[in-house]
There are 2 protein chains.
Amino acid sequence: MANPKSEILQQLKRDILTLVLKPGSILSETALSERFEISRTPLRDVLKQLELENYIDVYPKKGNLVSYIDLDSVEQIIYLRSTLEKELIKDLALQMPLKGTLELNRIVALQEQVMDRDDAHEAFLELDDAFHHTLFTLTGREFLWNLIQQCNVHYIRYRRLHLLKRDKLEALLQEHRRLLDCIEHRDLDSVDRLVMQHLRGDIHAKYLQENFAEYIQS
Amino acid sequence: MANPKSEILQQLKRDILTLVLKPGSILSETALSERFEISRTPLRDVLKQLELENYIDVYPKKGNLVSYIDLDSVEQIIYLRSTLEKELIKDLALQMPLKGTLELNRIVALQEQVMDRDDAHEAFLELDDAFHHTLFTLTGREFLWNLIQQCNVHYIRYRRLHLLKRDKLEALLQEHRRLLDCIEHRDLDSVDRLVMQHLRGDIHAKYLQENFAEYIQS
DNA sequence: TGCCGTCATCTTGTATACAAGAATGATTTA
DNA sequence: TAAATCATTCTTGTATACAAGATGACGGCA
């Protein structure tokens, strides 16, 4: 292991994003320092970063709580991503590097493959991320992708909960196919509608509030 | 003073953004702890935050340097902001709260007033920020504005250097007026072109590289 | 002269003792 | 019995001593 701090950071992030650590859970400095066999000082660095990326809320002299899902920021991130990605897709439709089409098709093909696996949801979510990430890398907007990741903790958990119940993997896959069609056939006019449908089509705050109220920010 | 840490953070941020602390300057923990009469531990918290918001680069066991201006991320932030803000303006054109028009007009009027002052640049930049900030608050996108602020250190310094030489305050003010016109007359078709001109019209990387090479990232 | 190794002294990174606010529960008092 | 107060024991916040990597200067040596 190269750097224990980044290992711990990655693990805590993963546990929070996958809801292994539920919103409201307490992350005590002393408990974590014993668990990871490291002193409180480097551990506080990790917690500081988790705080700045909204994974936890720090209540001075009281404790650190895993943040509750903030539906307002989820809505705004979806607005940001849909606005941005429909622009990216139009850019790609006008000037797409060859390897780009190959890469996106490869991802969609993989998504078809994992549909029947036991851990379909898990694998599908990862590939969905890969698809959108590729849109950013192909247009040279890696910086913006990283920026979005920095505030993505609410959206990622929201999507995970949302997908748990309503099985719409097939629909999402179909939408990816349609977006690829737009790029390959330079069909700029359909992009806006498709992106809106793909990213904003499934905002059902009420569903989450009814079924996962204990995870939601008041 | 409520919290010394946030005071120190704000002051260092301000010094870096206004180029009082030049890119490449060293921020030593011990020097700062003596200057602010505080121990290294809380000071490291401040430096950690500056690092995560790209104000400084940390070289382990060597030192902390004020970051150089990264022109690539400047370009991407401008892309992000122009894409986002032209959408916001269209939203406002379709449904503008009354107080919104008043507030934006008030800011533009203030900009006219400060044009002749000695510190015109300083005051104008602040009001320019206020204008764009208002676009976000009126549409309920405060979260996105804050997100952009988190990675704005390169863009803010870029714009400051850029405005130093080419005196285009009058042009910027005129563009604000035109954008307001679009909103008030629901002229959606002109928005894209105007926003592009306003935010992206003045990307002159070469000018900066020639005149401020010592501030630019290699 | 030129090169190499050692050491002194910077830097940040870590561990730990102590300070101080917050919460909980017990004890005392009305 | 109920309420209030105090003390205990959590929590994080701070100061500081020490560890360890990086750097540069100095001196020895070929």
Side-chain angles (χ1 to χ4, degrees), chain A residues 1-13 15-16 20-68 70 153 214-215 217-218, chain B residues 1-13 15-16 20-68 70 153 214-215 217-218:
Chain A
M1 169 184 329
N3 184 358
K5 279 206 290 188
S6 74
E7 286 284 332
I8 295 171
L9 179 66
Q10 292 309 318
Q11 175 165 353
L12 288 178
K13 277 188 177 181
D15 287 349
I16 291 174
V20 170
L21 283 173
K22 295 183 175 21
S25 304
I26 294 175
L27 291 186
S28 156
E29 289 182 4
T30 52
L32 289 174
S33 72
E34 289 172 11
R35 172 178 161 201
F36 291 111
E37 296 179 322
I38 201 174
S39 87
R40 276 180 57 213
T41 307
L43 220 145
R44 278 174 64 81
D45 286 356
V46 172
L47 290 174
K48 179 94 181 163
Q49 180 152 358
L50 289 176
E51 180 195 5
L52 287 175
E53 296 188 23
N54 291 112
Y55 283 77
I56 62 174
D57 293 319
V58 173
Y59 297 90
K61 306 283 177 99
K62 290 200 274 187
N64 312 303
L65 295 194
V66 174
S67 67
Y68 292 91
D70 176 11
V153 58
E214 72 270 26
Y215 292 164
Q217 186 140 51
S218 59
Chain B
M1 166 185 330
N3 184 358
K5 280 206 290 187
S6 74
E7 286 284 332
I8 295 170
L9 179 65
Q10 292 309 318
Q11 175 165 352
L12 289 177
K13 277 188 177 181
D15 287 350
I16 291 174
V20 170
L21 282 172
K22 295 182 177 19
S25 304
I26 294 174
L27 291 186
S28 156
E29 289 182 5
T30 52
L32 289 174
S33 73
E34 289 172 11
R35 172 179 161 201
F36 292 110
E37 295 178 321
I38 199 174
S39 87
R40 276 180 59 217
T41 306
L43 220 145
R44 279 175 62 82
D45 286 356
V46 172
L47 290 174
K48 179 91 183 167
Q49 180 152 359
L50 289 176
E51 180 196 5
L52 289 175
E53 297 187 24
N54 290 113
Y55 283 77
I56 62 174
D57 292 319
V58 172
Y59 297 90
K61 307 284 178 99
K62 289 200 277 189
N64 313 303
L65 295 192
V66 175
S67 67
Y68 291 91
D70 176 11
V153 59
E214 72 270 26
Y215 293 164
Q217 185 140 53
S218 58

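- Spacing between atom CG of A/L65 and atom P of C/dA23 amounts to 12 Å, rounded to whole angstrom units.
- The main-chain N or O of A/N54 is found under 3.5 Å from a side-chain atom of A/S67 such that the two form a donor-acceptor pair.
- Rounded to a whole Å, the CG atom of A/L32 is 11 Å from the P atom of D/dT11.
- Between A/R40 and the phosphate of C/dT14, there is no side-chain N or O to OP1/OP2 separation shorter than 4.0 Å.
- The environment of CD in B/E37 is sparse: at most 12 heavy-atom neighbours from other residues, nucleotides or ligands sit within 6.0 Å.
- Residue A/L27 is classed as a sugar-phosphate contact, given heavy-atom separations below 4.0 Å to backbone atoms only.
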| request: For side-chain contact (heavy atoms from CB on, under 4.5 Å), just list the numbers for B/E53 and B/V153, CA-CA rounded to whole Å, side-chain angles, deciding distance to a tenth of an Å, and then say yes or no. | output: CA-CA 8 Å; B/E53 297 187 24; B/V153 59; over 6 Å; no

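- At D/dT12, none of the side-chain N or O atoms of A/R44 fall inside 4.0 Å of OP1 or OP2 (strictly under the cut-off).
- The CG-P distance, from B/D45 to C/dG13, rounds to 13 Å in whole Å.
- When rounded to the nearest whole Å, the span between CD of A/E29 and C1' of C/dA15 equals 14 Å.
- Among the atoms of the strands shown, none is found under 4.0 Å from any heavy atom of B/L47.
- Distance from the side chain of A/I38 is smallest for C/dA15 among the nucleotides D/dG13, C/dG13, C/dA15.
- Rounded to whole angstrom, the span from the NZ atom of A/K5 across to the P atom of C/dA15 amounts to 10 Å.
- Close to C/dA15, at under 4.0 Å from its OP1 or OP2, lies a side-chain N or O of A/S39.
- Remark: C1' of C/dA15 and CD of A/E34 are 14 Å apart, rounded to the nearest angstrom.
- Atoms CD (A/E37) and C1' (C/dT14) sit 15 Å apart, rounded to a whole Å.
- A close approach under 4.0 Å does occur between a side-chain nitrogen or oxygen of B/S28 and OP1 or OP2 of C/dT11.
- Neither OP1 nor OP2 of D/dT14 sits under 4.0 Å from any side-chain N or O of B/T41.
- Contact annotation: B/K62 does not reach the phosphate of C/dC10 (side-chain N/O to OP1 or OP2, under 4.0 Å).
- Contact between A/N64 and A/L47 at its shortest, heavy atoms only, is ND2-CD1, 3.6 Å.
- Residue A/K48 is classed as having no contact, given no heavy-atom separation below 4.0 Å to the nucleic acid.
- In this model, the phosphate group of C/dA19 is not approached by any side-chain N or O of A/K61 to a distance below 4.0 Å at OP1 or OP2.
- The structure places CG of A/L21 at 14.0 Å from NZ of A/K13, a figure rounded to the nearest 0.5 Å.
- Note: CD1 (B/I26) to C1' (C/dC10) measures 11 Å, nearest angstrom.
- The phosphate of C/dT11 has neither OP1 nor OP2 within less than 4.0 Å of any side-chain N or O from B/N64.
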